Amino acid sequence: MSSATGLPNIYSVELSPPDISGYASGNTGIPYVWTFDSGVAGPHVAITAVVHGNEPCGAIAIDWLMQMNLRPLRGALSFAFVNTAAYEAFDPEVPDATRWVEEDFNRLWGEGVLDDPDRRVTPEVERAREIRPWLSTVDLLLDIHSMQHKTDPLIIAGPTVKGRTLGGQIGWPGIVVTDKGHAEGQRMRDFADFADPASPRNAALVECGQHWEAEAADVAKDCCIGFLRATGAVAPEFQQDRMNARPPKPETKYYEVMQPVTIETDNFRFAQDWRGFEHLEQGTLIGHDGDREVLAPHDPTVLIMPSRRLWPGKTAVRLARPIEG
Ligand SMILES: [Zn+2]
């Protein structure tokens, strides 16, 4: 198996993906999807992990919550391991090779995509169709991810004000980024009502740090705690002993992605080895797409998650500005 980017991996693999085969049966009729109903009225709250197969921090967090036999105080609580086929193919020798089996699971959620009869049916499309009936009943979603580069963890709040509000209520990590997603296709966190400003259904996506750094698993647990408290699925003091030993709750900072840089040529390269959260002056050279210069469009321009997958149609980096919450 070769590296997905053709680039050497520059980060050590500190996390070991837990064995999740014991969760395969699920209790919903859908493999790896578990739902616990309190019997009391309340929202259906869900946490999802391994939408990308090489991001083990979310699997560690859900495994931890499942092992404590957590049950909701009200409503229903679900846990789901999503792209398990990609997850099971993880190889620490080539850890970036298993983000997906055939395509990015997190670009399939635009209207009509999963029902398009002309679309190629990949393992990701099959799994997305399998979980969609369950996902369609989720009111409040936390989708756990991690990043290519070691940079501050952040919550991707999607396009709506309600997403930004939920991000702030979760509280950990303390960076909330509003954005419209990728030209390549819609994310699960933006599926249907999650991105409809008029719907009370809501979602957050958390990027917990570098894919394989040990701290990412702790950030994933922190974020789950903040999310579960914010939704009322658990008591406000849930896991307070743990949080007393963690860094204090940060003051949330908010950013808005003004535009993604979508790659147009097969010759995109960055001008510097950007890692994310650099604050650039307007006009700073970010990179080249073929002969075209990509310049920082505003002052400051904050780089969000520069990618190493620099292929046509992909997002090279997102360009953001600080905003008020
Ligand atoms: Zn991811």
Side-chain angles (χ1 to χ4, degrees), residues 3-5 9 11 13 15 17 20 32 46-62 79-91 94-109 122-124 127-128 131 135 141-158 163 167 170 173 175-177 179-191 194 203-213 215-217 219-221 223-224 227 257 260 275-276 304-311 313-318:
S3 157
T5 56
N9 172 38
Y11 295 103
V13 180
L15 292 178
I20 62 169
Y32 291 100
I47 301 177
T48 48
V50 296
V51 157
H52 294 132
N54 65 339
E55 302 179 356
C57 64
I60 291 169
I62 289 184
F79 302 113
F81 302 91
V82 178
N83 195 342
T84 53
Y87 178 79
E88 281 154 14
F90 183 76
D91 179 352
V94 272
D96 74 346
T98 47
R99 180 176 170 84
W100 55 70
V101 178
E102 288 187 23
E103 65 175 320
D104 195 330
F105 183 94
N106 218 21
R107 303 290 182 268
L108 299 175
W109 295 93
T122 61
E124 279 76 18
R127 180 61 171 156
I131 73 163
L135 185 68
L141 172 70
L142 174 65
D143 186 28
I144 305 175
H145 289 252
S146 54
M147 298 182 277
Q148 297 180 64
H149 284 300
K150 184 171 171 60
T151 183
D152 290 343
L154 55 93
I155 289 173
I156 299 282
I170 293 170
I175 297 172
V176 174
V177 178
D179 81 332
K180 294 187 178 66
H182 305 274
E184 190 188 5
Q186 194 162 287
R187 300 168 298 204
M188 189 173 75
R189 65 127 294 124
D190 301 318
F191 173 57
F194 294 142
L205 185 160
V206 61
E207 302 278 6
C208 295
Q210 209 284 330
H211 294 319
W212 315 301
E213 65 169 314
E215 173 68 8
V219 171
K221 291 175 184 175
C223 188
C224 287
F227 173 71
V257 172
R275 299 299 171 94
I304 306 289
M305 296 173 69
S307 180
R308 285 155 58 96
R309 291 180 293 273
L310 300 176
W311 311 322
K314 293 277 182 195
T315 302
V317 63
R318 289 162 252 195

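As the structure lists them, so they are numbered: ligands from 1, and atoms in each ligand from 1. Being a predicted model, the structure only gives us computed values, none of them experimental. Side chains included, hydrogens not; waters and symmetry mates left out as well; all remaining heavy atoms used.
- The 12-atom threshold is not exceeded at NZ of Lys180, counting heavy atoms of other residues, nucleotides or ligands nearer than 6.0 Å.
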Test side-chain contact (heavy atoms from CB on, under 4.5 Å) on Arg309 and Asp104 and set out the steps. CA-CA 12 Å; Arg309 291 180 293 273; Asp104 195 330; 5.9 Å; no

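- Taking distances strictly below 2.8 Å, the protein N/O/S atoms close to the Zn ion (ligand 1) are His52 ND1, Glu55 OE1, Glu55 OE2, His145 ND1.
- In this structure a side-chain-to-backbone donor-acceptor pair under 3.5 Å is present from Glu124 to Glu102.
- Between Asp179 and Arg187, at least one side-chain N (NZ, or NE/NH1/NH2) sits under 4.0 Å from a carboxylate O, which counts as a salt bridge.
- Counting only N and O atoms by type, the side chains of Asn54 and Thr98 include no donor and acceptor under 3.5 Å apart.
- Side-chain polar atoms of Gln148 and Ser307 form a donor-acceptor pair below 3.5 angstrom.
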